[in-house]
*Asks:* 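The structure's right below; bear with me while I get my questions together.
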Amino acid sequence: MSIQITFPDGNQKSFEVPPTGLEIAQGISPGLAKKAAVVRVNGELWDLTRPIDRDARFEIVTRDKPEALEVIRHDAAHVLAQAVQELFPGTQVTFGPATETGFYYDFARSEPFTEADLEQIEARMRDIVKRDLPIRREVWPHDEAVKFFEKAGEKFKAEWIRDGIKADEELTIYRQGDTWLDMCLGPHLASTGKLGTAFKLTKVGGAYWRGDANNAQLQRIYGVAFSTEQELKDYLHMVEEAEKRDHRRLAKQLDLFHQQEEAPGMVFWHPKGWAIWQAVERYVRGVYKRSGYQEVRGPQIMDVSLWKKSGHWDNYQNNMFFTESEKRTYAVKPMNCPGHVQIYNANLHSYRDLPIRYAEFGGCHRNEPSGALHGIMRVRAFTQDDGHIFCMPEQVESEVTAFHRQAMEVYSDFGFGDIDIKIALRPDKRIGEDAIWDRAEEALRAALRSAGVEWTELPGEGAFYGPKIEYHLRDSIGRAWQVGTMQVDFMMPERLGASYIDEHSSRQIPVMLHRAIVGSMERFIGILLEHHAGAMPLWLAPVQAVVAPIVSDADAYAREAAAALDAAGLRVEADLRNEKITLKIREHSLQKVPVIVVVGRREAEEKTVTLRRLGSERQETLPLAEAVARLAAEAAPQR
RNA sequence: GCCGAGAUAGCUCAGUCGGUAGAGCAACUGAUUCGUAAUCAGUAGGUCGGAGGUUCGAUUCCUCUUCUCGGCACCA
């Protein structure tokens, strides 16, 4: 029986003995064999050294391909695991996958790994690469594997084989050199030498076995890996630059806000930070208006009975703040929806009035776990650009579609292009019947489908009262944060007694849509700062222009120019200090002021100004009135 | 919340193998009026995150605690 191999160009070749990918590659050219990382066999990635025992479509995946990079990273994880076990006997291995930029591996060891250990481990990894150990794939019977790992003291591996792998599933072992092995799906490179040297261990952190906080805590060692040294170098440089854009660092440099021990997870906004806030708020208020929302405002604390009715007490009481007065317990609102329902309920509504859209810059407090707090991205007191739409079931899809369009427009106006869209589906802990969930989930899919966008689905991650679309943006070092959301809720209106009168004069329960575009003002501003590296576009900059006289003879004119810009609605300051113009330019540039308006004796005489834009050395002298008109137009809020 | 690391002047950081701390920038005072990213000189500034303990003596060692950072878990 011969094996028929079909190449991507359609050519075929038959083999009497099952060939390995490596042998086929060598048959084509030794250079190709050298560059080959893995092969694709009938669409599946296989090891180079695995015999191809069936007719197959065959393709060689060279080292420079993205699929190969994932294998390289996965190999790095295994080399890391071997290095750790060589250096720290008794450490148990668990799992170590490739990540977006590298790899990690989770270990069980009672002693913590230190930064110094990391250096030592990395050196040992390089040693294992130098040893160029062959990596071989083996298929083991389950019970033998369980026995082996139990005997080796690897109880996590043994447990996983017993609980995590089905009996009929093939169990593969990868042997690295003679003594070290790990259970793994593969594929892997042919030997450790193929990994190369473009990797680096970056950090160590905690992780839970099987991702569950009730399980044992493991130690996760992270690394980055690339196929070439240059890519690694570029990546490390990129990270270094990105760290300079951290919103917490920018907040100090630009004097935007601070946080302090007495108010963990809360923000003290300084004048300049609050100016950004107000610019964002003003813009969002325009969005509310343009898309048919009425702005409302509910109370900050409400009797706990309301939260019991809404279901929040059952689901979130541990994360809510409470306060007591005259033998009543109040909850500080963790969200605005029950408040909006009260406003809705204060009147009788006809089906003709729907949809009714309420919006609020709603201040919320949630007692987030201390470890979750992160600058202003994850806080305990925040403000949502919250909105609720009360509508009839048949209006859901068009409302969701309109919202989606609006949200994308907003992100674009703020300069964001790369938005991840997800649909979070029903969680285990939920209220309502499955048929209702089916409808709600399908409504979200239908809306996104009609908008022609791609999304990923997150099973189990929806809210307890309904599924949601999530809009995610990334911070400077690539961590994703949810900003906007659209949630379909068939439960809350009923629980809180909302209704409308339909055309047959009977009482119906409306559907409630929860939506936010920027999500939390705090988080959004944090991402905005990182995205623009603190250099906000003119319409958002806290100080839009500084008028800087060169000599004190021009002070009076500088005041006049600043007053004119101020009158035109710009956020402007005059820097009349007795300092050299070079110092003023430097300081205001470091403060990321978009426009510096320089005036000297010449400008004062001619009633002109010289504009210098941030990031450019080009200057432009023009009449004051013209400069005011032009800057005012540029600084106007978007839309 | 869990694992780990950290907290020293307004900021960025150094330092003390236990003898109560130092730099640069910023601030303040004075001089300088200088056309596009740092003018010069001088002055002042710290219960070394908080509470206990060990010690003749603690910013340094120990315990507890708060907060921050990195991960994980959580995120209505």
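A, B, ... follow the sequence lines: proteins, then strands. Residue 1 opens every chain.
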*Asks:* Can you identify which nucleotide, out of B:A37, B:C74, B:A76, has its nearest atom closest to the A:Y465 side chain?
*Replies:*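 From the listed options, B:A76 comes nearest.
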
*Asks:* Assign each of A:Q259 and A:G615 to its nearest nucleotide of RNA chain B by heavy atoms, then name whichever residue's nucleotide is nearer the 5' end.
*Replies:*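 It is A:G615 whose nearest nucleotide is closer to the 5' end.
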
*Asks:* Answer yes or no for this row: A:Y316 ring on B:A76 base, centroids under 5.5 Å, planes under 30°.
*Replies:*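 Ring-base stacking flag set for A:Y316 and B:A76.
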
*Asks:* With the side chain of A:A207 defined as its heavy atoms from C-beta on, choose the nearest nucleotide among B:G49, B:C72, B:G4.
*Replies:*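 Minimum distance to the A:A207 side chain belongs to B:C72.
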
*Asks:* Write down the distance separating the P atoms in B:G49 and B:U8, rounded off to the nearest Å.
*Replies:*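 Looking at atom P only, B:G49 and B:U8 are 6 Å apart.
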
*Asks:* Can you tell me how far P in B:C25 sits from the matching atom in B:U54, rounded to whole Å?
*Replies:*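 Rounded to whole Å, the distance is 44 Å.
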
*Asks:* From the set B:A76, B:U36, B:A38, return the single nucleotide nearest to any side-chain atom of A:L583.
*Replies:*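 Taking heavy atoms from C-beta onward, the closest nucleotide is B:A38.
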
*Asks:* Which whole number of Å gives the distance between the C1' atom of B:U60 and that of B:G22?
*Replies:*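 16 Å, rounded to whole Å.
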
*Asks:* Side chain of A:N578, heavy atoms from C-beta onward: which of B:U33, B:C2, B:G71 has the nearest atom to it?
*Replies:*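 Nearest listed nucleotide: B:U33.
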
*Asks:* Looking only at side-chain atoms of A:Y208, point me to the closest of B:C34, B:G1, B:G35.
*Replies:*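 For the A:Y208 side chain, the nearest candidate turns out to be B:G1.
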
*Asks:* Taking only the side-chain heavy atoms of A:T582 (C-beta and beyond), determine which of B:C72, B:G1, B:U36 contains the nearest atom.
*Replies:*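 Selected nucleotide (nearest to the side chain): B:U36.
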
*Asks:* For A:I376 and A:H247: C-alpha separation, side-chain torsions, deciding distance, then whether side chain to side chain contact (heavy atoms under 4.5 Å, CB included) applies.
*Replies:* CA-CA 8 Å; A:I376 60 171; A:H247 73 284; 3.3 Å; yes

*Asks:* What's the closest nucleotide to the A:A372 side chain, out of B:A73, B:A37, B:U66?
*Replies:*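 Of the candidates, B:A73 comes closest.
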
*Asks:* Show me the dot-bracket string of RNA chain B, counting Watson-Crick or G-U pairs under 3.5 Å, with | for pairs to another strand and [ ] for crossing ones.
*Replies:* (((((((..((((.....[..)))).(((((.......))))).....(((((..]....))))))))))))....

*Asks:* Could you check A:I419, A:L473, A:D385 and say which one makes a side chain to side chain contact (heavy atoms under 4.5 Å, CB included) with A:V483?
*Replies:*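 Of the listed residues A:I419, A:L473, A:D385, the side chain to side chain contact (heavy atoms under 4.5 Å, CB included) partner of A:V483 is A:L473.
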
*Asks:* Test for a donor-acceptor pair under 3.5 Å between the base of B:U36 and the side chain of A:Q619, counting only N and O atoms.
*Replies:*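 Flag set: donor-acceptor pair detected.
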
*Asks:* Just wondering, do A:M320 and A:K333 contact through their side chains at under 4.5 Å, heavy atoms?
*Replies:*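 No, too far: nothing below the 4.5 Å cut-off.
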
*Asks:* From the set B:A76, B:G35, B:C72, return the single nucleotide nearest to any side-chain atom of A:V598.
*Replies:*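 The listed nucleotide nearest to A:V598's side chain is B:G35.
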
*Asks:* Would the base of B:G4 count as contacting A:E111 through its side chain, where contact means a donor and an acceptor less than 3.5 Å apart?
*Replies:*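 Result: no qualifying N/O pair found.
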
*Asks:* What's the closest nucleotide to the side chain of A:H312 if the choices are B:A76, B:G49, B:G1?
*Replies:*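 Side chain of A:H312 sits closest to B:A76.
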
*Asks:* Side-chain N or O of A:K468 less than 4.0 angstrom from OP1 or OP2 on B:A76?
*Replies:*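 Yes, within the criterion.
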
*Asks:* Students often mix this up, so state it plainly: with edges at 30° and 60°, are the rings of A:Y358 and A:F390 parallel, tilted or perpendicular?
*Replies:*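 Because their plane-to-plane angle is over 60°, the rings of A:Y358 and A:F390 count as perpendicular.
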
*Asks:* Between the base of B:A73 and the side chain of A:R210, is there a donor-acceptor distance below 3.5 Å?
*Replies:*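 Per atom types, no contact qualifies.
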
*Asks:* If you look at every strand shown and take non-hydrogen atoms under 4.0 Å, does A:P369 touch a base, only sugar-phosphate, or nothing?
*Replies:*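 Base contact - A:P369 has a heavy atom under 4.0 Å of at least one base atom.
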
*Asks:* Suppose we call two aromatic rings close when their centres sit under 6.0 Å apart. Are A:W437 and A:F490 close by that rule?
*Replies:*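 No, the ring of A:W437 stays outside the 6.0 Å limit from the ring of A:F490, centre to centre.
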
*Asks:* Would you indicate, yes or no, if B:C69 has its OP1 or OP2 atom less than 4.0 angstrom from a side-chain nitrogen or oxygen of A:R248?
*Replies:*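 For B:C69, OP1/OP2 do have a side-chain N/O of A:R248 under 4.0 Å.
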
*Asks:* If you compare every side-chain N and O of A:Y222 against the phosphate oxygens of B:C72 (OP1, OP2), does one of them come in below 4.0 Å?
*Replies:*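 Affirmative; the distance criterion is met.
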
*Asks:* OP1 or OP2 of B:G70 versus the side-chain N and O atoms of A:R479: is any pair under 4.0 Å?
*Replies:*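 Checking B:G70 against A:R479, a side-chain N or O does come within under 4.0 Å of OP1 or OP2.
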
*Asks:* For the residue pair A:Y105 and A:F103, is the inter-centroid distance of their aromatic rings smaller than 6.0 Å?
*Replies:*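 Judged by ring-centre distance (under 6.0 Å), A:Y105 and A:F103 do not meet the cut-off.
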
*Asks:* Report yes if a side-chain nitrogen or oxygen of A:K252 is closer than 4.0 Å to either non-bridging phosphate oxygen (OP1 or OP2) of B:C11; otherwise report no.
*Replies:*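 It does not, given that no N or O in the side chain of A:K252 lies less than 4.0 Å from OP1 or OP2 of B:C11.
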
